Structure formats: structure tokens, C-alpha cells
4 protein chains.
Amino acid sequence: MTETRPRGRIDKRHAILDAAFTVFAREGYAQAGVDVIAAEAGVAKATVYNHFRDKENLLRESITASADEAFATNMAAVERLTDSGGDLRALLEEVGHQLATCYCDAKSWALNRLLAAELAQFPELLDIVDGRAATRVAEALADRLARLMLAGRLRSADPRTAADQFAALLTGPLAKRARLGTKPVPEAELREVVANAVDTFLRAFGAG
Amino acid sequence: MTETRPRGRIDKRHAILDAAFTVFAREGYAQAGVDVIAAEAGVAKATVYNHFRDKENLLRESITASADEAFATNMAAVERLTDSGGDLRALLEEVGHQLATCYCDAKSWALNRLLAAELAQFPELLDIVDGRAATRVAEALADRLARLMLAGRLRSADPRTAADQFAALLTGPLAKRARLGTKPVPEAELREVVANAVDTFLRAFGAG
Amino acid sequence: MTETRPRGRIDKRHAILDAAFTVFAREGYAQAGVDVIAAEAGVAKATVYNHFRDKENLLRESITASADEAFATNMAAVERLTDSGGDLRALLEEVGHQLATCYCDAKSWALNRLLAAELAQFPELLDIVDGRAATRVAEALADRLARLMLAGRLRSADPRTAADQFAALLTGPLAKRARLGTKPVPEAELREVVANAVDTFLRAFGAG
Amino acid sequence: MTETRPRGRIDKRHAILDAAFTVFAREGYAQAGVDVIAAEAGVAKATVYNHFRDKENLLRESITASADEAFATNMAAVERLTDSGGDLRALLEEVGHQLATCYCDAKSWALNRLLAAELAQFPELLDIVDGRAATRVAEALADRLARLMLAGRLRSADPRTAADQFAALLTGPLAKRARLGTKPVPEAELREVVANAVDTFLRAFGAG
DNA sequence: TATGAATGAGGATTCATTCAT
DNA sequence: TATGAATGAATCCTCATTCAT
């Protein structure tokens, strides 16, 4: 009763963004109907237009929100890559596992597919996702690896290359096993992929 | 002049398939207009429907043709991975470069994006591409790596894991630099990616 | 000026129903274009679809409305068949004339032709027209004849048969002279048909 | 082997006409597809166009053939109305029954419905059917009734009116019971309708 | 702001018809 | 003549968007 309206506004905006992402991911931008999104959000079609000028803008905003969300979870994983002097392999596996879990989240796959789908039509979307999530996460990972190199826990090498390859060793095999996200990857497989990635990474970048 | 008509049918079918793939890749399945495809193929819209019952089927067939094409070029690359007793790093770099070139081909990116885009709507497409190209190429690569392991040129390891990781070390960094195929990768960068991939791969899987 | 909007909805619905019946009758269901109907109704094509889900449903509803209309006029005629103790022949001729006028109305012929036309495709249409108009009118006519029999003004006979035959003696010859409704029947001919029908009817069913 | 071709031509023409009438009656002119007709006739679509210039002409010709057929059967019935000095009621019932059987033939209903359906678009069709069947049969019936009047077996009256009413007393009730031809009329009902018609007819037109 | 109604532009698909063999 | 292929026009229906309340 204290905050009926200001809250309601925000809730509606959120509901629409959520619905939009869900529907866009499920049906693709062109196929997705604004009425479907409105229905899924529980509002009238015109309300969607009141909040987000047009369909294209709605896509942009829903992707932006989704990228921000992905950034937060990915960063949480990367930030755990802090040298506490313990077992490096165990640390990498823990971080790798957490990253892999992020990648395998349904919304993450959806974002990637949606991005790939609409990239040709809306190239700015890649800038949004890169600028808000992908590049920043990659840089943060490179930062952490650089510190491990400096600390002598990894051999000296280009940290960006190392970061890209670490990520690639996770996402490549995962994409295959998850059938681009259309199939859940069992925990055991996920751990295997992570273990293989870390093993190769350490053979290539391990100190000494 | 020698082959007026029987050729015509096949030519038309081919022209439509090509046009379809181009337009689907450029605009996405839902956005793509059958009239646009017909125009691009230089036939009447109804002719498209005579050859390919409906739009969905046209997508399936154009993806199938595209997968077959991709399979041929990728296999040509993998088959060069034959131990001639020479420098293994050079051999891997040559094969890696050829594979990387395949991946960076515009049609290859287009196929991947289109696949990602329509996967949610048409899951069978992934089966088509996997069954006709991806899995077969991966297996062939694993086969070649297995023989190198057997010959003692690589350490003993699971060849499928090795193959997946080799591919991942190429595609991951390439996807990033090519912005999922929307930007051409300069030859120098491509060579750098390949060199990095081979370097890491050899550190991880090299013999002795 | 008093009733700006709420009226608008209903007006539009009515306009569409009228236009639909006109166009369906003129061109047949399959040939009729929804755009033509919309234009005739003065609304946008999509508005037709907003009100009546699809073309088939629009046919059903427009036939229903038309049947209701026909029922009203026909019943008004039948209800005048009330024994006021006067000249029976004159009474029958008056009622017959009014019925004949109903039958010869352009909309009535149109309904019959449309019904015949689409019966093979949409058998339910006959149920609609029978249930809403034809059967009810025939029963009402039989009721009135039964009372005349009971009152001794007609000989005792099966009232339904008598009703059917009375109607047949009107519609049969009228259909011929009106060329199934494509030609107007001059008033003189109409009176002649009615007189002949009543004459035969009274010879067959007159009392004593 | 003696007459492969000349026969084949005629057979094909016939097959197409039959198929056309069947399909037109089943689906209506506009809805009927020329390919469907061709398929039903077992020929290629273009062959239909070789024989019958266009769809409209095919309709005209198939209706003409159908009208000729109907004329033959109806005339056979009317011609039995010959005063052999015997029981007039029995004679009328026999002829009435035969006529009723003609009317209740599936092709006859189909012709009537098709005619009603396309009358608005192709008014000449009514002239064809009238000129080739309806009017001629009605005139022949009037002729026979005139002779019965002259012979004193029926009272003197306008023979055309009598003929029209005799027909109407059959077709009216039959149309109702057959649901315009969509439902078969059991033999018992048919006999009842005929008996009622003859009864009324004889009360109205019987001698003395 | 939230909504129900209205719309115009567009898209998949069908079909009568023609052409070349 | 009989056919398979090709086509252009038409048609149903959808959908992003706007307007009036």
C-alpha cells in the first residue's frame, strides 16, 4: 500500500523485459510477436509500446539486461581466481567449473543464440554484449592470469591469449555436448570437460 | 548449347538453394521473404514452391547442401594431417591454418549463425549438420590424432578430447576476432591464432 | 453526437455482416475476397479478422444473421393466418402473398442460393438456417393450419403435409418465374402464382 | 488395338467432363482446382486445357452434359404418363415416383446446387439447363396433362400451371426431407411424398 | 500510464494458365 | 495431342504500430 505505483511501473518494465527475452530466445526476433510478449508479461500490447518505443528497441534493451546479468555471474566466477597459495589445479578447476556452469545456464545459451541469430540484422548487439560482458570478463580473466604469471604460478605468456584459450577449452567442448544449449549437460560430463580443459591449460601454461 | 533443358532443372534447383542460403543467412529464416529468394535465384516465386514444398523445407534443404559443402572443405583439411615424418609443428600449423580458413569462410560463419538462430525452432537442423559435417569431421580429426599418438609423435591421450580441444583452440579465438564472422580476420591475425593454438596443443599433447 | 464510441463497435460489426452477406451472395464464398468485404463495409481488412476470426466463421455468422432476419419477416406473414371468421380464400391469399413477397426478396433468394452453394462444404449451415428459420416457420404454419382444421374451416388432414404443400405451391412456381431470384417477378405474376396456389390448396384442403 | 487413339480421345474428354462435374459439385466452381479435376480424370493438367479452353468453359460444358443426362431420365419418366384407360391415381403415382427418383439422384441434386451456386456469376448456366432440360421437361409434362384434360380424365385447367404445381408438390417436400440432397430419402418417405402429392393433385385437378 | 480497437503493409501459399518438348 | 515445368496474379491471414479513452 505504501508503494503501489512506483513499484508497479518498475515491475511491469521488468516483466516485459523478461518476457521479451524469453520469447525472443524461443522464437527469434522476427518470429516473435509483440502480443505474445505482452501476454507473457501480463500487460496489454500497447503498454509494451509505451515502455519501449518499438520492437527493435525492445530487443536491444532485453539483450542489454541479459548481458548485464551474464556479466555479473561470470565476473563472480572470475574473481574467485585469486592465488591463495594453495593447489593451483584445484583453484582453476573450481573457477572453470563455475564458469562452465555460467555458460551452461539456459539464459546464457539463449543469449548467445539470439546474438548469433540477429547479428546480421543488428550488428550493434554484439557491441552491447561485448562492451557489457564478454570483453570485460575476458579482460578480468586475463588480469587474474597475469597476476598468476607474475607470481610465478604460471609461466610467462601473453595473458590475453591464455585467457582466450582457457575460455575456448571450456566453451568449445561444452557447446558440442550441450548441442548449443538444447540439451542439459550432466554434472559428470561438465566436470570432465573442466578437468580436461584445466589439464591442457596447465600443461601449456603451468610454471616450470 | 549442347545441353539446353535437362540442365535447366538442376540449374534452377541449385540457384534456388544458393539464393535461399544467402538470404536466410543474411536476414534470418522468419525475416527472409520467399519472393526475395526467388528474385535472387532469378525464378518466379511459385517455382520455389514447385521445387521445395514450403519455406521450412527450403531451409532444411539449403542447410543440408551447405553442410555437405562445409564437410568437403573441412575434410580436405583434416586429411592433410598425415605423418610424413617431417616437422610436426609445421604440419599442425598447415592443417590448422587450412581449418581456420574454412572456419573463416563467410558461408561457414553464416551456417553457424543460421544454425544457432533457428535451433530453437527447428532442432533437427543440428542433427543434419552434425550428421553430415561436424561430427564426421571431428571423428576424422580424432582418427588422425590417434595415429600420431600411436606413432609416438604425440603423447597417448584420448583422441576425441584432443581433437575437440584442437578445434576449440582455433574456433574460440577466431570467433572473437571475427566478431562471429561479421568482420574479416586479417591473414596475420589468423596465423597468430593458429600458431598460438598449435603451440598450446603441442605443449599439452606433444610427445616426450 | 450523443453516442460516439460504444455505438461504433456495434455499427462496425453490423456493417461487416451486411457487407459479407452481400459479397458472399454475389460472388460465392470461395470467390469472395475478404478485402472486398472489408472495403464494402468501410473498414480495414484486419478489422474483419478482429471481429470474426476467419473467413469461414464470417460466413457462418453472416448466414446466421440473415436467417434470423428471414425468420422475422416470414413469421410476421404466418402470424396473420388467424381465423377472423371472414373469407378464408381472401385470408389465404393475403398470407400467401406476404409469404411470396418474403420469398421474392433479394436477400431471401441470396440466402437460398448461398446455402445451396456452400452446403457441400459446410453442412452445418443448413442446420443453422433450418433451426433458426425454415423449420420454425414451417411448424408455425402447420400450427395455424391445424387450428383452421380444428375450427372446421379446412378438412382434417396432416397439418405438416398441408403446410409443406402450401409452401411448395408458392416457392416452386416462384423459383421458376424468378429464375432462382435473378429476375424480379412482376406483381401481377406474383398474384397469379398466389391465386393458383391458394386455389389448388383450397380444392385439396377446403372444408366440405 | 483397332481403335486405340480415336477412342482414347473421347474417353479422355469424357473422363475430364465427369471429373469436372464431380469436383465442381463437391467443392464449388471457385474452390475447385483444375489440378484436382485433372488428377481425378487421370490426365495432366495441361490436357484439360487442351480439351476445354479454360475453367469457365469446362464448367459450362460439364453442366451441359449433366443437363442432357438429367433431361433423358426425366423425359423417360414423363413419357410414361400415357392414358391407358386404367387407374389414373396409380398412373400418376408411378410417374411421380419415377420423377421423384430422378430428383433424388445424387447428380441431380448436385446439378441444382451447382446451378444455384454459380448462377450469380454465370447466369447463362440457367439458360443452358432450362433450354436443355427443365423447360422441355415441364412442357412435356404439361403436354401430357393437357391430353388427360382433353380426354376428360382431369378437369379443364391451364396445363402449365398444373404441371408446375405437380412438380412443385414433389420437389418442395423432397428438398426438405433430403436436406437439399445431403441426406438420402428412404424409399418409404419418398412414396409418402409422392402419395401426398398425387392426392392433392387429384383433389385439385381430378375430373368431376 | 494502461488499454482495446483499428489499421496498412507485408508474407506464405495457391492456382489458372502458358510454354516447350 | 499429352505433359512437366514455370509463372504472375491473387488471397488469406498476421503483425507492428497507432489512436482514443
Side-chain angles (χ1 to χ4, degrees), chain A residues 5-6 8-9 12-13 16 29-38 41-58, chain B residues 4-6 8-9 12-13 16 29-38 41-58, chain C residues 4-6 8-9 12-13 16 29-38 42-56 58, chain D residues 5-6 8-9 12-13 16 29-38 41-58:
Chain A
R5 261 318 107 96
R9 298 247 342 144
K12 254 171 201 177
R13 197 187 155 85
I16 295 172
Y29 173 73
Q31 189 67 240
V34 175
D35 10 12
V36 175
I37 294 174
V43 302
K45 207 191 332 183
T47 304
V48 175
Y49 282 88
N50 283 341
H51 283 266
F52 305 90
R53 192 176 29 193
D54 57 15
K55 198 186 176 190
E56 187 179 329
N57 191 50
L58 180 56
Chain B
T4 30
R5 257 326 93 112
R9 288 281 321 187
K12 243 155 217 188
R13 198 188 153 84
I16 295 172
Y29 173 74
Q31 189 67 239
V34 176
D35 13 10
V36 175
I37 294 175
V43 301
K45 210 193 320 187
T47 303
V48 174
Y49 283 89
N50 283 344
H51 283 264
F52 306 90
R53 191 177 39 251
D54 57 15
K55 197 187 176 188
E56 187 178 330
N57 192 50
L58 179 56
Chain C
T4 30
R5 255 327 91 110
R9 290 275 329 182
K12 242 156 218 188
R13 197 188 154 85
I16 295 172
Y29 173 73
Q31 189 67 240
V34 176
D35 9 12
V36 175
I37 294 174
V43 300
K45 210 196 315 189
T47 303
V48 175
Y49 284 91
N50 282 344
H51 283 265
F52 306 90
R53 191 177 40 250
D54 56 15
K55 198 187 176 187
E56 186 179 329
L58 179 56
Chain D
R5 262 317 109 95
R9 298 246 340 142
K12 253 168 203 180
R13 197 188 154 83
I16 294 172
Y29 173 73
Q31 189 67 240
V34 176
D35 10 11
V36 175
I37 294 173
V43 301
K45 208 191 331 184
T47 304
V48 175
Y49 282 88
N50 283 341
H51 283 266
F52 306 89
R53 191 180 30 203
D54 58 14
K55 197 187 177 189
E56 188 180 328
N57 191 49
L58 179 56

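In what follows, chains carry the letters A, B, and so on, assigned in the order in which the sequence lines appear, proteins first and then strands, with residues in each chain numbered from 1. On a predicted model such as this, the values are computed, not experimentally measured, just so you know.
The shortest heavy-atom contact between A30(C) and A30(D) is CB-CB, 3.6 Å.
For K45(A), the salt bridge (Lys or Arg N to Asp or Glu O under 4.0 Å) criterion is met by D35(A), not counting sequence neighbours. Here A46(D) pairs with nothing under the side chain to side chain contact (heavy atoms under 4.5 Å, CB included) rule; sequence neighbours left out. In this structure H51(A) satisfies the side chain to side chain donor-acceptor pair (under 3.5 Å) test with no other residue, sequence neighbours excluded. Annotation: side chain to side chain contact (heavy atoms under 4.5 Å, CB included) contacts of N57(A) (sequence neighbours excluded): F52(A), R53(A), D54(A), R60(A), E61(A).
In this structure, E56(C) atom CD and dT11(F) atom P are separated by 18 Å, rounded to whole Å. Distance F52(B) CZ to dA6(F) P: 11 Å, rounded to the nearest Å. For D54(D) and dT18(E), the CG to P distance is 8 Å, given to the nearest whole Å. R13(D) places its CZ atom 16 Å from the C1' atom of dA2(F), with the value rounded to the nearest Å. Summarising the geometry, the separation between CD1 on I37(C) and C1' on dC13(F) is reported as 14 Å, rounded to the nearest angstrom. Whole-Å rounding puts the D35(D) CG to dT7(F) C1' distance at 14 Å. Rounded to whole Å, atom C1' of dG10(E) lies 13 Å from atom NZ of K55(A). The separation between R53(C) atom CZ and dC13(F) atom P is 10 Å, rounded to whole Å.
Side chain of Y29(D) to backbone of E56(D): a donor-acceptor contact under 3.5 angstrom is found.
Note that the CG atom of N50(C) and the NZ atom of K12(C) stand 10.5 Å from one another [nearest 0.5 Å]. The distance from atom CD1 of I16(B) to atom OG1 of T47(B), rounded to the nearest 0.5 Å, is 6.5 Å.
Residues V34(D) and L58(D) are not in side-chain contact: their nearest non-hydrogen atoms beyond the backbone lie 4.5 Å or more apart.
Of the residues in residues 42-51 of chain D, those with a non-hydrogen atom less than 4.0 angstrom from any atom of DNA chain E are K45(D), A46(D), Y49(D).
Counting only Watson-Crick and G-U wobble pairs whose two distances sit under 3.5 Å, DNA chain E takes part in these stems of three or more pairs: E:2-21 with F:2-21.
Counting any heavy atom pair closer than 4.0 Å across all strands shown, A38(A) reaches no nucleic acid atom.
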